[in-house]
Participant: 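Could you have a look at this structure, given as structure tokens, before my questions?
Each ligand, and each atom within it, is numbered from 1 in the order the structure gives. Only heavy atoms go into these numbers, but all of them, side chains included; no hydrogens, no water, no symmetry mates.
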Amino acid sequence: MFDSVLLEAAARAGATVREGVAVEDLMMADGAVVGVVGRTGDGRRETCEARVVIGADGLNSVVARRLGLARSSAPRRIAFSAHVADVAGVEEMGELHVGKHGYVGLGPIGGGVTTVALVLPLAAVREAGRARAVRSGFFAELERFPGLRGRFDARRLVRRVLVTGPFARWTRASVSPGGGALLVGDAADFFDPFTGQGIYSALRGAELAAEALVTALDRTGPLTARALAPYRAARRAAFAGKWVLERLIGLGVGWPALTNRVVSRLARRTDLADLVFGATGNFVPARRVLAPRVLTQLVW
Ligand SMILES: Cc1cc2nc3c(=O)[nH]c(=O)nc-3n(C[C@H](O)[C@H](O)[C@H](O)COP(=O)(O)OP(=O)(O)OC[C@H]3O[C@@H](n4cnc5c(N)ncnc54)[C@H](O)[C@@H]3O)c2cc1C
């Protein structure tokens, strides 16, 4: 739904929309990106020249990989997500269930349907070669979480189980070192989905990219890395503290005992809860939670 709204808005604003074409490679000249090479659904190769290429192609971004900027780090996790109708006990609130095996997020999306995302450590899925088994035994996996037992009816699966990951992926730089390209959204940074930050970060990053590009494209000549540097700086200012916080939360979720401790602290200390949820909800600066005094109070 949201994707269609964005697509229609882009088309209304004058973009030429080409669906069913996958970008496979970048066109380069003197170290700078000068366009993309795509493949149509019927296998035809297409090229498209551009003064700037914006890599908004998600977690496994071809643009980031071709630029040699993609990196990954712990905690490496993988998500199995589905839409399920009539999940018992789900009303307007989302839920997060953290267990020894991973965590599950429930998010009501209207019409009695809930998005259910099961996130597991990649190693656990890989070791046992279990990815296919987890997918087919999705509901059995959910039953392993005490707070979810008996709440799902497997016949009410309304969208098949999709697999995403592994995360965490990030990039060494959000701008091509040779100029001519930049990265936004998951293509630039994807951390653990535990706090549900991806859409905000993708949209805020796109705003920052637009602001930087309006100025850069106004000048004639190639878009060097220097011309694109304001975007990189703006991203750092907007996201640096936030990514540290997200990283800490992502790592902490791997220890259910620690999660329980922090959650019980948050239940008792509404001031701390307001701070943490404000920072993850982007209306309180992340650095306020990262202050040693606050971090200490969250754990001890
Ligand atoms: C299990 C899970 C739960 C999540 N829950 C939340 C949540 O509750 N709240 C939240 O804010 N975020 C959540 N996220 C994160 C969120 O989904 C992403 O951060 C967000 O979708 C990023 O948007 P994007 O446009 O950068 O990438 P995407 O949404 O991945 O879009 C990338 C687009 O690029 C296209 N593409 C990819 N490769 C190519 C190619 N080679 N050529 C052409 N096109 C290509 C894809 O088809 C896609 O349309 C969750 C993620 C996961 C995995």
Participant: Closer than 4.0 Å and a protein heavy atom, does any atom meet both conditions relative to atom 46 (C) of ligand 1?
Facilitator: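 Within 4.0 Å of atom 46 (C) of ligand 1, no protein heavy atoms are found.
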Participant: For salt bridge (Lys or Arg N to Asp or Glu O under 4.0 Å), just list the numbers for Glu46 and Arg18, CA-CA rounded to whole Å, side-chain angles, deciding distance to a tenth of an Å, and then say yes or no.
Facilitator: CA-CA 11 Å; Glu46 270 189 15; Arg18 297 289 318 278; 2.8 Å; yes
Participant: Could you list which atoms of ligand 1 come closer than 4.0 Å to a heavy atom of Ala56?
Facilitator: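 Near Ala56, meaning under 4.0 Å from one of its heavy atoms, ligand 1 has 32 (C), 33 (C), 34 (O).
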Participant: Looking at Leu266, is its backbone amide N or carbonyl O close enough to the side chain of Thr270 to form a donor-acceptor pair, meaning the two atoms are under 3.5 Å apart?
Facilitator: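 Flag not set: sc Thr270 to bb Leu266 has no pair under 3.5 Å.
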Participant: Should you measure from each heavy atom of Ala79, which atoms of ligand 1 turn up under 4.0 Å away?
Facilitator: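 Listed by number with element, the hits are 1 (C).
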Participant: For atom 23 (O) of ligand 1, what's the nearest protein heavy atom and its distance?
Facilitator: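 Heavy-atom neighbour on the protein nearest atom 23 (O) of ligand 1: Ala202 CB, 3.8 Å.
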Participant: Under 3.5 Å, side chain of Arg51 to main-chain N/O of Gly221, donor-acceptor pair present?
Facilitator: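 Answer holds: yes.
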Participant: One thing to verify: whether Arg169 and Asp186 come together as a salt bridge, which I'm taking to mean a side-chain N less than 4.0 angstrom from a carboxylate O.
Facilitator: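 Looking at Asp186 and Arg169, the cut-off is not met.
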Participant: Would you say atom 49 (O) of ligand 1 makes contact with the protein, given that contact here means a non-hydrogen protein atom less than 4.0 Å away?
Facilitator: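 Under the 4.0 Å cut-off, atom 49 (O) of ligand 1 has no protein heavy-atom neighbours at all.
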Participant: Given 3.5 Å as the limit, does a donor-acceptor pair link the side chain of Ser176 with the main chain of Gly180, or not?
Facilitator: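 No: the side chain of Ser176 does not pair with the backbone of Gly180.
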Participant: Check this for me, if you would: do Arg149 and Glu143 make a salt bridge, where the nitrogen-to-carboxylate-oxygen distance has to be below 4.0 angstrom?
Facilitator: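 No salt bridge links Arg149 with Glu143.
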Participant: Would atom 29 (O) of ligand 1 count as contacted, meaning some protein heavy atom under 4.0 Å?
Facilitator: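 Given the 4.0 Å limit, the answer for atom 29 (O) of ligand 1 is no, no protein heavy atom qualifies.
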Participant: Apply the side-chain contact (heavy atoms from CB on, under 4.5 Å) test between Val53 and each candidate in Val36, Leu223, Leu182; give the one that qualifies.
Facilitator: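 Answer to the side-chain contact (heavy atoms from CB on, under 4.5 Å) test with Val53 among Val36, Leu223, Leu182: Val36.
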Participant: Please state which option from Leu203, Val21, Asp189 has its nearest heavy atom closest to atom 43 (C) of ligand 1.
Facilitator: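 Among Leu203, Val21, Asp189, the closest heavy atom to atom 43 (C) of ligand 1 comes from Val21.
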Participant: Could you tell me whether some N/O pair between Asp186 and ligand 1 is separated by less than 3.5 angstrom?
Facilitator: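 Such a contact does occur with ligand 1.
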Participant: Please determine if Ile199 has a nitrogen or oxygen closer than 3.5 Å to a nitrogen or oxygen of ligand 1.
Facilitator: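 Yes, at least one N or O pair falls under 3.5 Å.
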Participant: Heavy atom under 4.0 Å from ligand 1: found in Gln197's side chain, backbone, both, or neither?
Facilitator: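 Just the backbone.
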Participant: Which residue is it: Asp25, Leu67, Asp57? I am looking for the one with a side-chain contact (heavy atoms from CB on, under 4.5 Å) to Val62.
Facilitator: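 Of all the options given, the one that passes is Asp57.
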Participant: Return a yes/no value: protein heavy atom under 4.0 Å from atom 17 (O) of ligand 1?
Facilitator: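 Answer no: nothing from the protein, no heavy atom, is under 4.0 Å.
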Participant: Of all the atoms in ligand 1, which lie at a distance below 4.0 Å from a heavy atom belonging to Ala117?
Facilitator: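 Once the distances to Ala117 are compared, the set is 1 (C).
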Participant: Would you mind running through ligand 1 and noting each atom that sits below 4.0 Å from a heavy atom of Gly58?
Facilitator: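 Going through ligand 1 atom by atom, the ones under 4.0 Å from Gly58 are 27 (O), 30 (O), 32 (C).
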Participant: Say whether Gln297 and Arg265, considering side chains only, have a donor N or O and an acceptor N or O under 3.5 Å apart.
Facilitator: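 Per modelled atom types, Gln297 and Arg265 side chains form no pair under 3.5 Å.
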Participant: Decide whether Glu246 and Thr195 meet the rule of one side-chain donor and one side-chain acceptor closer than 3.5 Å.
Facilitator: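 Side chains of Glu246 and Thr195: pair found under 3.5 Å.
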Participant: Does at least one non-hydrogen atom of Val62 fall below 4.0 angstrom from an atom of ligand 1?
Facilitator: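 Yes; Val62 lies near enough to ligand 1 that a heavy-atom distance drops under 4.0 Å.
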Participant: Heavy atoms only: which of Ala188, Gly198, Gly105 is nearest to atom 12 (N) of ligand 1?
Facilitator: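 Looking at heavy atoms only, Gly198 sits closest to atom 12 (N) of ligand 1.
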Participant: With atoms numbered from 1 as shown, which atoms in ligand 1 lie under 4.0 angstrom from a non-hydrogen atom of Gly196?
Facilitator: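 Selected atoms, number and element: 7 (C), 8 (O), 9 (N), 10 (C), 11 (O).
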Participant: Minimum heavy-atom separation for Leu106 to His97, with atom names?
Facilitator: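 Result for this residue pair: CD1-NE2, 4.5 Å.
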Participant: Considering Gly55, Gly107, Pro193, Gly185 one by one, which has a heavy atom nearer to atom 2 (C) of ligand 1 than any of the others?
Facilitator: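 Heavy atom nearest to atom 2 (C) of ligand 1 belongs to Pro193.
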Participant: Quick one: does Val23 get an N or O within less than 3.5 Å of an N or O on ligand 1?
Facilitator: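 Checking ligand 1 against Val23, an N or O pair does fall under 3.5 Å apart.
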Participant: Report yes if the distance between the aromatic ring centroids of Tyr103 and Phe194 is under 6.0 Å, otherwise no.
Facilitator: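 Yes: the rings meet the under 6.0 Å criterion.
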Participant: Among Asp57, Leu7, Ile78, whose heavy atom sits nearest atom 36 (N) of ligand 1?
Facilitator: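 Nearest option to atom 36 (N) of ligand 1, by heavy atoms: Asp57.
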